[in-house]
Student: 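Mind looking over this structure? Questions follow.
Keep in mind the model is a prediction, meaning the values are calculated, not measured.
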Amino acid sequence: MLSVEEARQQMLESIPILPTENRGILECSGYVLAEELHAKENIPPFDNSAMDGFAVRSTDVKGTTKENPTVLSVVETIAAGYAPKEQVSGGQTARIMTGAMMPDGADAVVMQEVTELVGDEVKIFESVERNENVRFTGESVKKGDCVMSPGKVLRPPEISMMASLNCAEVTVHQKPTVAIVSTGDELTPLGEPLKPGKIRDSNRYGMYAQVQNAGGIPIDMGIAPDDETETERIFRESIAKADALITSGGVSVGEHDIVKNVLTKLGKMNFWRVAMKPGKPQAYGIIDGKPVFGLPGNPVSSLVVFELFVRPALMKMAGHTDLLRPTIKAILETDVTNKDGRVNYMRAILTEKNGQYIAKTTGPQGSGILHSLVLANGLIIIPSGATLQSGDTVDAHFLH
């Protein structure tokens, strides 16, 4: 069997990065930047006040206290969005609003809360140092600076920065469209009565949500029956419509089944046994230049294999460079034994206590016990043959 790391590395080496496209500022959230963004102007473009108050010469208020206030004459009021008209000279001040341009002559701002305005004069009860409460030209970004580099995920802060840079359009990597197909005559769609021997089709909906969470665009292609001709038709249609295909069920190694036959017929496929639990049987390959992922039929296996393999693959397609979730250390709350010859990815609840993560399993870990994954917020990694006791440290990662 391949290790998780070997299988994932082989897969990622063949995963294509999708082409780029231009998207407007209101349509690029969640996309990955594919160009450098440089500042064409200073941000902020002028020295301005960090708060409502009075722009002063710091030397005029040196030594000022509540018991010994300084009285200055107010020469003007400067609102945000307007340029000062007067210069502040000795004994003078300008009332100023947050974000308003600093007037010539002033080098600090006294906050409004420590002042008392009386007519055209203001009493000041605290001193300030030079440059205090002032935001300077280019303090955030200087003209010519590289503000964002390729690979940056465009979140709300990045979108806001784009607007500050006067950037209305940006080049990004496309998000992958992903066709999703469940397979097997045993599956019953939502809303239909459950007949003897049948089960609900849960995998397709879970994978749809996982694709969305990974930043992809899912396409629901329904259920492929145990009919080779119809399965081939659905797979071909799926590959034509999308950048990638995910199937669920029918990839167990050593079985003669329709899914394996069709995938083998359509392209170059690898039917792997990966040394992991859950999710040993998997398929991966390229059909018409597009990645195809064959996931196990058991619901927990399907979701875990997606998390460890498909999610990083889709992220690479979308231009991400940080593909794997961070690994953390967690202290076991209970004894755990792994007698299997595979690494066990156990469903767990991870909580933080006194700066340390604590891991508690969610009960029975069968690959068909979907509720154990509903209860979990992470996976703990138990090496093959390990016998661990409460208090031992394990590797883990969050699922969200």
Student: Strictly by salt bridge (charged side-chain N to carboxylate O under 4.0 Å, His left out), give each pair with a member in residues 335-350 just once, sequence neighbours left out.
Tutor: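 Checked against salt bridge (charged side-chain N to carboxylate O under 4.0 Å, His left out) - neighbours excluded - the pairs reaching residues 335-350 are Asp340-Arg342.
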Student: Would you say CZ of Arg130 has more than 12 non-hydrogen atoms from neighbouring residues, nucleotides or ligands within 6.0 angstrom?
Tutor: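 No, not enclosed.
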Student: Taking all non-hydrogen atoms of both residues, which atom of Ser140 and which atom of Pro44 are closest, and how far apart?
Tutor: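 Nearest heavy atoms, Ser140 then Pro44: N-CD, 4.0 Å.
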Student: Atom OG of Ser238 and atom CG of Asp220: how far apart are they, to the nearest 0.5 Å?
Tutor: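 If I round to the nearest 0.5 Å, the distance is 9.5 Å.
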Student: Can you measure from OG (Ser367) to CG (Leu303) and round to the nearest 0.5 angstrom?
Tutor: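 Reported value, rounded in 0.5 Å steps: 11.5 Å.
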Student: Answer yes when Lys329 and Asp395 have at least one side-chain N-carboxylate O distance shorter than 4.0 Å, and no when they do not.
Tutor: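 Yes, Lys329 and Asp395 are salt-bridged.
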Student: Without hydrogens or angle criteria, can the side chains of Gln10 and Glu6 be said to hold a donor-acceptor pair below 3.5 Å?
Tutor: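 Not at all, the side chains of Gln10 and Glu6 share no donor-acceptor pair under 3.5 Å.
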Student: Looking at Ile358, is its backbone amide N or carbonyl O close enough to the side chain of Lys353 to form a donor-acceptor pair, meaning the two atoms are under 3.5 Å apart?
Tutor: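 Pair absent, no side-chain N/O of Lys353 close to backbone of Ile358.
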Student: What are the two closest heavy atoms between Cys167 and Ile25, and how far apart are they?
Tutor: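 Distance-wise, the nearest heavy atoms are O-CD1, 3.7 Å.
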Student: State, to 0.1 Å, how close Ala214 and Leu314 come at their nearest heavy-atom pair, and which atoms those are.
Tutor: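 Shortest heavy-atom contact: CB-CD1, 4.4 Å.
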Student: Are there over 12 heavy-atom neighbours, none belonging to Glu126, within less than 6.0 Å of that residue's CD?
Tutor: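 At most 12 heavy atoms, drawn from other residues, nucleotides or ligands, come within 6.0 Å of this atom.
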Student: I'd like to know if the side chain of Arg57 reaches the main chain of Ala106, judged simply by a donor and an acceptor atom lying under 3.5 Å from each other, with no hydrogens or angles considered.
Tutor: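 Side chain of Arg57 to backbone of Ala106, a donor-acceptor pair under 3.5 Å: no, none is there.
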Student: Apply side-chain contact (heavy atoms from CB on, under 4.5 Å) to residues Ile287 and Leu245 and explain how you reach the verdict.
Tutor: CA-CA 9 Å; Ile287 297 176; Leu245 168 64; 5.6 Å; no
Student: Which atoms form the tightest heavy-atom contact between Val56 and Ile124, and what is the distance?
Tutor: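 Where Val56 meets Ile124 most closely, the heavy atoms are CG1-CD1, 4.0 Å.
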Student: Rounded to the nearest 0.5 Å, how far does CE of Met315 lie from CD1 of Ile15?
Tutor: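 Separation between the atoms: 13.5 Å.
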Student: Starting from the C-alpha separation in whole Å, work towards a yes-or-no answer on side-chain contact (heavy atoms from CB on, under 4.5 Å) for Leu350 and Glu352.
Tutor: CA-CA 7 Å; Leu350 301 173; Glu352 188 176 3; over 6 Å; no
Student: Kindly indicate whether the side chain of Leu324, heavy atoms from C-beta on, has any atom under 4.5 Å from the side chain of Arg8.
Tutor: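 Side-chain contact under 4.5 Å: yes.
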Student: Above 12 or not: heavy atoms from other molecules or residues under 6.0 Å from CZ of Phe136?
Tutor: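 Yes, enclosed.
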Student: I'd like to know if the side chain of Lys290 reaches the main chain of Ile239, judged simply by a donor and an acceptor atom lying under 3.5 Å from each other, with no hydrogens or angles considered.
Tutor: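 Checked: pair present.
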Student: Applying a strict under-4.5 Å side-chain criterion to I, L, V, M, F, W and Y, I'd like to know whether Leu308 and Met346 cluster together.
Tutor: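 Shared cluster, no.
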Student: Verify the cluster assignment for Ile328 and Tyr345: are they in a single hydrophobic cluster under the rule of side-chain heavy atoms below 4.5 Å apart?
Tutor: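 No, separate clusters.
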Student: Taking it one step at a time, do Lys40 and Asn166 satisfy side-chain contact (heavy atoms from CB on, under 4.5 Å)?
Tutor: CA-CA 8 Å; Lys40 297 180 180 178; Asn166 193 31; over 6 Å; no
Student: Can you confirm whether Met276 sits close enough to Val305 that some side-chain heavy atom of one is under 4.5 Å from a side-chain heavy atom of the other?
Tutor: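 In contact.
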Student: Of all residues at least two apart in sequence or in a different chain, which pass the side chain to side chain donor-acceptor pair (under 3.5 Å) check with Tyr284?
Tutor: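 Checked Tyr284 against side chain to side chain donor-acceptor pair (under 3.5 Å); matches are Ser14.
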Student: Are Glu5 and Gln9 close enough, and set up right, to give a side-chain hydrogen bond (donor to acceptor under 3.5 Å, both in side chains), and what steps lead you there?
Tutor: CA-CA 6 Å; Glu5 292 74 21; Gln9 183 63 30; over 6 Å; no
Student: Look only at the side chain of Glu35 and the backbone of Thr171, and say whether a donor-acceptor pair between them is shorter than 3.5 Å.
Tutor: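 Yes; judged by distance alone, with no hydrogens or angles, the pair exists.
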Student: Can you tell me how far the CG atom of Leu33 sits from the CE atom of Met148, to the nearest 0.5 Å?
Tutor: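 If I round to the nearest 0.5 Å, the distance is 6.5 Å.
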Student: Donor-acceptor check, side chain of Asn270 to backbone of Gly285, threshold 3.5 angstrom: yes or no?
Tutor: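 A pair under 3.5 Å: no.
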Student: Given the rule that I, L, V, M, F, W and Y join up when any side-chain heavy atoms are under 4.5 Å apart, are Leu117 and Ile96 in one cluster?
Tutor: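 Per the 4.5 Å side-chain linkage, Leu117 and Ile96 are co-clustered.
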Student: Look up atom SG in Cys28 and atom NE2 in His173, then write down how far apart they are to the nearest 0.5 Å.
Tutor: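 NE2 of His173 is found 13.5 Å from SG of Cys28.
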Student: Would you sort out whether Glu230 and Arg233 count as a side-chain contact (heavy atoms from CB on, under 4.5 Å), showing the intermediate values?
Tutor: CA-CA 5 Å; Glu230 180 62 9; Arg233 183 195 68 77; 2.7 Å; yes
Student: Considering only heavy atoms from C-beta outward, does the side chain of Val251 approach that of Gln282 to under 4.5 Å?
Tutor: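 Not in contact.
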Student: Closest approach of Ser182 and Arg204, non-hydrogen atoms and distance?
Tutor: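 That would be OG-CB, 3.2 Å.
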Student: Please round to the nearest 0.5 Å and tell me the distance separating atom CD1 of Ile199 and atom CD of Glu186.
Tutor: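 The CD atom of Glu186 is 5.0 Å from CD1 of Ile199, to the nearest 0.5 Å.
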Student: Given 3.5 Å as the limit, does a donor-acceptor pair link the side chain of Asn344 with the main chain of Ile382, or not?
Tutor: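 Side chain of Asn344 to backbone of Ile382, a donor-acceptor pair under 3.5 Å: no, none is there.
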Student: Determine whether a donor-acceptor pair (N or O, by modelled atom type, separation under 3.5 Å) exists between the side chain of Asn338 and the backbone of Ala386.
Tutor: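 No, the answer is negative, given that no donor and acceptor are paired below the 3.5 Å cut-off.
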Student: Ignoring hydrogens and geometry, is there a side-chain-to-backbone donor-acceptor pair from Arg200 to Pro189 under 3.5 Å?
Tutor: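 A pair under 3.5 Å: yes.
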Student: Decide yes or no for Val181 and Met207: does some side-chain heavy atom of the first lie under 4.5 Å from some side-chain heavy atom of the second?
Tutor: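 Result no, sub-4.5 Å side-chain heavy-atom pair not found.
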Student: Are Tyr31 and Val153 grouped together when hydrophobic residues (ILVMFWY) are joined by side-chain heavy atoms under 4.5 angstrom apart?
Tutor: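 No.
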Student: Looking at Asp145 and Lys142, is there a salt bridge between them, counting it only when a charged N and a carboxylate O are closer than 4.0 Å?
Tutor: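 No.
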Student: For Thr231 and Asp227, indicate whether the former's side chain and the latter's backbone hold a donor-acceptor pair under 3.5 Å.
Tutor: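 At least one qualifying donor-acceptor pair exists.
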Student: Between Leu295 and Leu12, is there a shared hydrophobic cluster once you connect ILVMFWY residues whose side-chain heavy atoms come closer than 4.5 Å?
Tutor: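 In one cluster with Leu295: Leu12, yes.
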Student: Quick check: closest heavy atoms across Ser372 and Thr362, and the distance to 0.1 Å?
Tutor: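 Reported closest heavy-atom pair: O-OG1, 2.9 Å.
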Student: What I'd like to find out is whether the side chain of Ile78 reaches to under 4.5 Å of the side chain of Pro103, using heavy atoms alone.
Tutor: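 Ile78 vs Pro103: side chains touch.
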Student: Per the side-chain hydrogen bond (donor to acceptor under 3.5 Å, both in side chains) rule, which among Thr65, Thr93, Thr64 passes with Thr70?
Tutor: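 Only one of Thr65, Thr93, Thr64 forms a side-chain hydrogen bond (donor to acceptor under 3.5 Å, both in side chains) with Thr70, namely Thr64.
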Student: Taking the side chain as every heavy atom from C-beta outward, state whether Asn213 and Arg311 have any atom pair closer than 4.5 Å.
Tutor: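 Asn213 vs Arg311: side chains apart.
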Student: So does Lys85 get a backbone contact from the side chain of Glu76, meaning a donor-acceptor N/O pair under 3.5 Å?
Tutor: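 Indeed, once roles are kept as given, a pair shorter than 3.5 Å links the two residues.
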Student: With heavy-atom distances below 4.5 Å as the criterion, would you say the side chains of Phe235 and Leu266 are in contact?
Tutor: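 A side-chain contact under 4.5 Å exists here.
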Student: Taking C-beta and beyond as the side chain, do Lys277 and Gln365 meet within less than 4.5 Å on heavy atoms?
Tutor: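 No, too far: nothing below the 4.5 Å cut-off.
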